[in-house]
Amino acid sequence: MTTTLQVYNTFSGKKEPFVPLDPAHVKVYVCGPTVYDMAHIGHARSAVAFDVVVRYLRRRHKVTYARNYTDIDDKIIKRANELGQTPEQVSSRYIVEYLADMDALGCVRPTVEPKVSTHLPQIITMVGELVAKGNAYAAGGDVYYAVESFANYGKLAKRNLDDMQAGARVEPGEHKRNPMDFALWKGAKPGEPQWATPWGPGRPGWHIECSAMSREHLGVTFDIHGGGKDLTFPHHENEIAQSEAANGAQFARYWLHNGFVNIDDEKMSKSLGNFFTVREVLKAVDPQAIRWFLLSTHYRSPINFSDAALREAEQRVVYIYATLDRMQKAVSAMAGKGIAAGTLRDPSVADIITRFEQAMDDDFNTAKALGDVSEVFKLVNEILDKPSDPEMDARTLRVASQGLSSIAECLGIFGEDPQVVLGRIERRKQGEKGVDPAAVQALIDERLEARKTKNWKRADEIRDTLARMGIAIKDSATGTTWNVQ
RNA sequence: GGCGCGAUACCCAAGUGGCUAAGGGGACGGUCUGCAAAACCGUUAUGCACGGGUUCGAAUCCCGUUCGCGCCUCCA
């Protein structure tokens with residue numbers, strides 16, 4: 001039995017049942033990055049949040065997931081000029097970098113990744129439609145959207161034109177009739193990319209691309225439009241004005257916006273200079289830990305980024321994978337046991353998928369889901385530490401294992417090979433602390449000799465020495481293992 | 001100024017009318033261990049910014065106050 005997915009729709013300001021236009025084919029459009037620099041953690045948050053949204057929707061529907069690249073833009077042109085490269089060289093490089101980061105974070109690739117530069121005909125067509133319908137006007141080589149021509153301008157961001165005009169301003173060189181009008185098309189300037197149009201050469205404004213590209217790939221009306229909270233106004237408001245005026249039909253049906261990543265309770269942003277790139281964070285902490293961190297807070301809430309938070313997330317990831325490792329070994333060793341139906345060590349494991357779906361059905365509550373999942377891992381360790389009836393234990397572990405892998409597939413965490421992840425984290429830490437495994441092993445061997453003769457004093461000295469090197473050791477029946485703390 | 005969001009323990013964080021306020025980190029106690037570590041168990045909010053109100057019943061709804069944040073200009 002599945003419950004109904006409820007999603008928070010920015011448009012209505014509340015949670016609503018998610019009813020797709022066509023349940024057999026859900027269509028999602030997410031605003032991607034402007035590719036002029038390396039992605040920062042804020043980009044990662046958006047990508048991971050919508051990655052999970054799409055993965056979850058795919059449990060029940062076929063989904064077309066479109067995420068665009070803004071590859072024609074002031075900042076890209078500026079960057080290209082600084083580097084003595086073409087804008088295309090700059091944008092294509094950062095698209096590669098962006099994808100490398102998002103791949104590392106385990107995000108599935110979108111179904112389509114449209115770029116502005118390959119959709120000029122569609123963009124020019126749509127600008128033409130808006131001019132023809134009287135929603136846009138050419139002025140001084142530019143084309144502007146006339147906000148007053150769209151009756152409900154401000155309906156997404158819940159503002160009205162009168163309130164906004166107080167703070168609006170017109171830059172020199174612009175030819176707006178209303179200060180709130182925005183450029184659909186920018187007249188050509190020397191040294192900038194340009195395309196010929198009926199109203200003169202130039203390049204697209206920022207907002208029109210999403211209207212044109214979503215229509216091209218998803219149709220005039222589609223299910224979900226996502227992006228960061230900061231895009232609500234003006235970007236998404238303008239998309240609505242453009243698309244609904246041009247198409248004469250509803251644009252996106254559900255608007256989902258992710259909260260920001262904060263540093264010391266302030267928005268992480270390029271302009272404040274308080275940002276961390278995904279690339280540098282990836283060097284300091286495991287990608288699975290970044291994902292855990294990002295999913296441990298509800299996607300609409302702000303999340304504070306810090307070293308301590310990341311370390312806690314990684315510690316958690318180590319625990320999860322270490323438990324998974326024990327569990328998988330136990331499950332493969334218990335050949336044939338626990339196949340028959342029967343009692344479970346803890347009946348609640350039978351419901352883990354149901355509980356997961358209840359959490360996710362409540363506006364993709366991954367934080368709740370991770371909390372629930374923690375209880376399952378605890379139970380797994382308890383069973384492994386303190387076995388009782390072998391049949392019942394085996395059955396319980398099988399149920400837990402199956403539930404966890406189903407959840408892992410959706411969250412994109414704890415689905416990797418435990419040995420691979422644990423080894424990756426361990427090697428990174430060894431590198432950070434300059435640990436020489438051979439030297440560590442020599443000390444451990446020496447300690448082993450001391451322990452054989454019950455020379456506890458010497459054994460403890462060696463353990464203290466290792467501790468000072470940042471090495472923690474673990475004695476067990478099968479030998480001594482160690483890892484970097 | 002306009003619009004919007006938030007305030008839950010030492011820290012992070014779920015919970016939006018009703019059983020004992022999830023989960024994680026930390027701390028402390030215990031099991032295990034030669035001692036540790038890891039894992040597991042227990043303890044750690046009669047309390048949910050503050051003041052009123054609605055209700056049989058409120059962290060949850062309403063009003064006010066304080067504080068914090070975001071958008072209104074490029075921004076995930």
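Values below: every heavy atom of this structure, side chains too, minus hydrogens, waters and symmetry copies. Reminder, nothing fancy here: chain letters follow the sequence lines and each chain counts from 1. The shown structure was predicted, so the numbers you read here are calculated from the model rather than taken from an experiment.
Distances from the side chain of A:Glu375 to the nucleotides B:rG24, B:rC71, B:rA22 place B:rA22 closest. Residue A:Lys474 places its side chain closer to B:rA37 than to any other of B:rC40, B:rC71, B:rA37. Residue A:His43 places its side chain closer to B:rA76 than to any other of B:rG2, B:rA76, B:rC74.
Within the 4.0 angstrom heavy-atom criterion, base atoms lie near A:Asp385. Within the nucleic acid shown, A:Gly42 comes within 4.0 Å of at least one base atom, counting heavy atoms only. A:Lys378 comes within 4.0 angstrom of sugar-phosphate atoms only, judged by non-hydrogen atoms across all strands, and of no base. Among the protein residues, A:Leu231 comes within range of the sugar-phosphate backbone only, with heavy atoms under 4.0 Å from sugar or phosphate atoms but none that close to a base. Heavy atoms of A:Val373 sit nowhere under 4.0 angstrom from any nucleic acid atom. Backbone-only contact: A:Arg316 has heavy atoms under 4.0 Å from sugar-phosphate atoms and none from a base. The residue A:Ala47 sits apart from the nucleic acid: no heavy atom pair falls under 4.0 Å. Residue contacts shown for A:Lys270 are absent, as no nucleic acid heavy atom lies under 4.0 Å away. A:Gly259 comes within contact range of at least one nucleobase, with a heavy-atom separation under 4.0 Å.
Checked for salt-bridge contact, A:Lys368 and A:Asp372 meet the test: a charged N lies under 4.0 Å from a carboxylate O. The residues A:Arg451 and A:Asp460 are annotated as not salt-bridged, no charged nitrogen and carboxylate oxygen being separated by less than 4.0 angstrom. Using a 4.0 Å cut-off between charged side-chain N and carboxylate O, A:Glu461 and A:Arg458 make a salt bridge. Taking a cutoff of 4.0 Å between a charged side-chain nitrogen and a carboxylate oxygen, A:Lys329 and A:Asp325 qualify as a salt bridge. A salt bridge links A:Arg279 and A:Asp101; the closest N-O separation between the charged side-chain nitrogens and carboxylate oxygens is under 4.0 Å. Salt bridge status for A:Asp362 with A:Lys15: present, with a side-chain N to carboxylate O gap under 4.0 Å.
What separates CG of A:Asn483 from C1' of B:rA38 is a distance of 9 Å, to the nearest Å. Between the CZ atom of A:Phe275 and the C1' atom of B:rA76 there is a distance of 14 Å, given to the nearest Å. The interatomic distance linking A:Arg159 (CZ) with B:rG2 (P) rounds to 13 Å, in whole Å. Between A:Asp464 atom CG and B:rC35 atom C1' there is a gap of 11 Å when expressed in whole angstrom units. Note: CG (A:Leu156) to C1' (B:rC71) measures 12 Å, nearest angstrom. Separating the CG atom of A:Asn274 from the C1' atom of B:rG70 is a distance of 14 Å, rounded to the nearest angstrom. Taking atom NZ of A:Lys75 as the reference point, atom P of B:rC74 lies 8 Å away to the nearest angstrom. Rounded to a whole Å, the CG atom of A:Asp162 is 12 Å from the P atom of B:rC3.
Side-chain nitrogen and oxygen atoms of A:Gln315 include at least one within less than 4.0 Å of the OP1 or OP2 phosphate oxygen of B:rG26. OP1 or OP2 of B:rC71 sits under 4.0 Å from a side-chain N or O of A:Lys267. Between A:Asn258 and B:rA76, a side-chain N or O to OP1/OP2 separation shorter than 4.0 Å is absent.
Under a cutoff of 6.0 Å and an axis angle of 45°, A:Lys115 and A:Tyr69 do not form a cation-pi pair. Both the sub-6.0 Å distance and the 45° axial angle are satisfied by A:Arg159 relative to the ring of A:Phe233.
Checking B:rC69 for Watson-Crick or G-U wobble geometry (two distances, each under 3.5 Å) identifies B:rG4 as its partner. Of the nucleotides present, none pairs with B:rG17 by Watson-Crick or G-U wobble criteria with both distances under 3.5 Å. Base pairing analysis places B:rG51 opposite B:rC63; the two distances defining the Watson-Crick or G-U wobble pair are each below 3.5 Å. Across all strands shown, the partner of B:rC28 is B:rG42, judged by Watson-Crick or G-U wobble contacts whose two distances both fall under 3.5 Å. Across all strands shown, B:rG34 remains unpaired; no Watson-Crick or G-U wobble contact has both distances below 3.5 Å.
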Exercise for the section: Quick one: do A:Asp363 and A:Tyr299 satisfy side-chain hydrogen bond (donor to acceptor under 3.5 Å, both in side chains)? Show the steps, please. Expected result: CA-CA 9 Å; A:Asp363 196 28; A:Tyr299 78 93; 2.8 Å; yes
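B:rC63 sits 15 Å from B:rU54 when the P atoms are compared, rounded to a whole Å. Distance check on atom P: B:rU43 versus B:rG6 gives 33 Å, rounded to whole Å. Remark: the separation of the P atoms in B:rC32 and B:rA27 is 22 Å, to the nearest Å. Between the C1' atoms of B:rU8 and B:rA21, the separation comes to 8 Å (whole Å). Of the C1' atoms belonging to B:rG15 and B:rG47, the separation is 14 Å, rounded to the nearest Å. Atom name P, nucleotides B:rG51 and B:rA58: the rounded distance is 15 Å, in whole Å. Here the separation of B:rA38 from B:rU33, taken at their C1' atoms, is 11 Å to the nearest Å. The same atom, C1', is picked in B:rC71 and in B:rG29; the two are 50 Å apart, to the nearest Å.
Comparing A:Lys15 and A:Gly228, the nucleotide of RNA chain B nearest to each residue sits closer to the 5' end for A:Lys15. Between A:Tyr319 and A:Met268, the one whose closest nucleotide on RNA chain B sits nearer the 5' end is A:Tyr319.
When the shell of 6.0 Å around NZ of A:Lys78 is examined, it contains 12 or fewer heavy atoms from other residues, nucleotides or ligands.
Among residues two or more places apart in sequence or in another chain, the side-chain hydrogen bond (donor to acceptor under 3.5 Å, both in side chains) test is passed with A:Thr111 by A:Arg58.
At least one side-chain heavy atom of A:Leu379 sits less than 4.5 Å from a side-chain heavy atom of A:Val349. Side-chain contact check for A:Glu209 versus A:Ile123: some heavy-atom pair is nearer than 4.5 Å.
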Shorter than 3.5 Å, N or O on both sides, protein versus nucleotides 30-34 of chain B: list them out with atom names.
| residue | atom | partner | partner atom | Å |
| --- | --- | --- | --- | --- |
| B:rG34 | N7 | A:Arg451 | NH2 | 3.2 |
| B:rG34 | O6 | A:Arg447 | NH2 | 3.3 |
| B:rG34 | O6 | A:Arg451 | NE | 3.2 |
| B:rG34 | N1 | A:Asp460 | OD1 | 3.0 |
| B:rG34 | N2 | A:Asp460 | OD1 | 3.4 |
| B:rG34 | N2 | A:Asp460 | OD2 | 2.7 |

Interface polar pairs with nucleotides 12-14 of chain B, N/O, under 3.5 angstrom:
| residue | atom | partner | partner atom | Å |
| --- | --- | --- | --- | --- |
| B:rA14 | OP1 | A:His298 | N | 2.8 |
| B:rA14 | O3' | A:Asn365 | ND2 | 2.9 |

